[in-house]
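Throughout, a chain's letter reflects where its sequence line sits, starting with A, and its residues are numbered from 1.
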Protein chains: 2
Amino acid sequence: MRKRQRRSDCPVHFALEHIGDPWSMLVIRDLVMFGRRTYGEFLNAGEGIATNVLADRLKRLEEDGLLVREADPERSSRPRYRPTQKALDLLPVLLEMAAWSGTWDEQTVVPRELVERIRHDRASVEREILACYERDEPWMPGVPAREEDDGR
Amino acid sequence: MRKRQRRSDCPVHFALEHIGDPWSMLVIRDLVMFGRRTYGEFLNAGEGIATNVLADRLKRLEEDGLLVREADPERSSRPRYRPTQKALDLLPVLLEMAAWSGTWDEQTVVPRELVERIRHDRASVEREILACYERDEPWMPGVPAREEDDGR
DNA sequence: CCGGATCCGTTTCGATACTG
DNA sequence: CAGTATCGAAACGGATCCGG
């Protein structure tokens, strides 16, 4: 018997236990597209996620194999989160979400130009993002990344 | 001034107020891909959505312009829900979700063959689905559409 | 400090009963 | 058949506390 305790644990298997949770998707987006890696970076990224909710999602995503938690090589006291391939494979979903948002959401942060790129050559956008990921750099073409936190 | 009362109304504008809600996405999927049109069809579609939650989501999606509510031409007492273009435009997101689910979700209902089709020629899958939509027919290649309720 | 954990008032969910 | 009404159980948000 499976434990069934999560709100988004609806009995249809359509990726919704992750994609159907906004905070999970924000964390995954931050991991995959914006190169965020630490608790503080997620927390102060402008989305206003609460500390307990963030901790819960990080744990849940780790349990479900979407991210790995490892020690920072320089400051070992600070955990560092990295997306797994399972999370990287959500990039097409994230990009289609971005394109839809840029088209229909009046409050969108996604620029039209990016929408066009996704529509006409999504593969190249994916390659660009994954190349940044390989170099451990953030990718942020016009999308506000870190809103002012910066304390290094 | 906008009402801000929804749980998934997080301040980052990335389509998450709809995509981040599992029940909303199920309704949209049922509308766009499976040709479901009535309250009862959504309710008994096997997902186990509660009546009040379904009513709430239908109202919310109508307010946000994702579906229109109209009277059934034959039985005028029965409302009929149809997706708008805004909802139809979520088809790429739905298909990428399906592909991810078919790849990574061990409980998935998405067959491998469909995953391959989405990966290699998503546009043709989209055309197929939209053609069914135009004819007001459901589309369900191997995906269980309305599974008979398991008693309960 | 940073990365959480804990407590608490409020909101939302989910199940069922009920109504037009 | 298409929804409301109700109510206990979760989840959320915010603040605070705590360990390294």
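Mapped onto DNA chain D by nearest heavy atom, A:S77 and B:A55 fall at different nucleotides, with B:A55 at the one closer to the 5' end.
The distance from atom CG of A:D21 to atom C1' of D:dA11 is 10 Å, rounded to the nearest whole Å. Going from atom CD of B:E74 over to atom C1' of D:dC1 covers 16 Å, rounded to whole Å. As a whole-Å value, the separation of A:Y81 OH from C:dG3 P is 8 Å. When rounded to the nearest whole Å, the span between CG of B:D56 and P of C:dG14 equals 11 Å. Summarising the geometry, the separation between CG on A:L43 and P on C:dC2 is reported as 11 Å, rounded to the nearest angstrom. If you take CZ of B:R60 and P of C:dT11, they are 15 Å apart, rounded to a whole angstrom. The distance from atom CG of A:L54 to atom P of D:dA11 is 17 Å, rounded to the nearest whole Å. Following rounding to the nearest Å, B:R57 (CZ) and D:dG3 (P) show an atom-to-atom distance of 15 Å.
Relative to the side chain of A:P79, the nucleotides C:dA15, C:dG3, D:dG3 differ in distance, and C:dG3 lies closest.
Side-chain contact check for A:R29 versus A:L26: some heavy-atom pair is nearer than 4.5 Å.
The residues A:D56 and A:R60 are annotated as salt-bridged, a charged nitrogen and a carboxylate oxygen being separated by less than 4.0 angstrom. Residues B:R37 and B:D136 are paired through a salt bridge, judged by an N-O separation under 4.0 Å between the basic side chain and the carboxylate.
Taking only side-chain nitrogens and oxygens, A:R78 comes nearer than 4.0 Å to OP1 or OP2 of C:dG3. A close approach under 4.0 Å does not occur between any side-chain nitrogen or oxygen of A:Y39 and OP1 or OP2 of C:dC1. In terms of phosphate contacts, A:R75 brings no side-chain nitrogen or oxygen within less than 4.0 Å of OP1 or OP2 of C:dC2. Note on B:R69: a side-chain N or O is less than 4.0 Å away from OP1 or OP2 of D:dG3. OP1 or OP2 of C:dC13 has not a single side-chain nitrogen or oxygen of B:W23 nearer than 4.0 Å.
Taking the six-membered ring for Trp and thresholds of 30 and 60 degrees, B:W100 and A:H18 have ring planes more than 60 degrees apart, a perpendicular arrangement.
The base of C:dG4 has none of its N or O atoms less than 3.5 Å from a complementary donor or acceptor on the side chain of A:N52. Within 3.5 Å, no donor on the side chain of B:T51 pairs with an acceptor on the base of C:dA15, nor the reverse.
As judged by a 4.0 angstrom heavy-atom cut-off over every strand, A:F42 is placed among residues making no nucleic acid contact.
Counting only N and O atoms by type, the side chains of B:R75 and B:T38 include no donor and acceptor under 3.5 Å apart.
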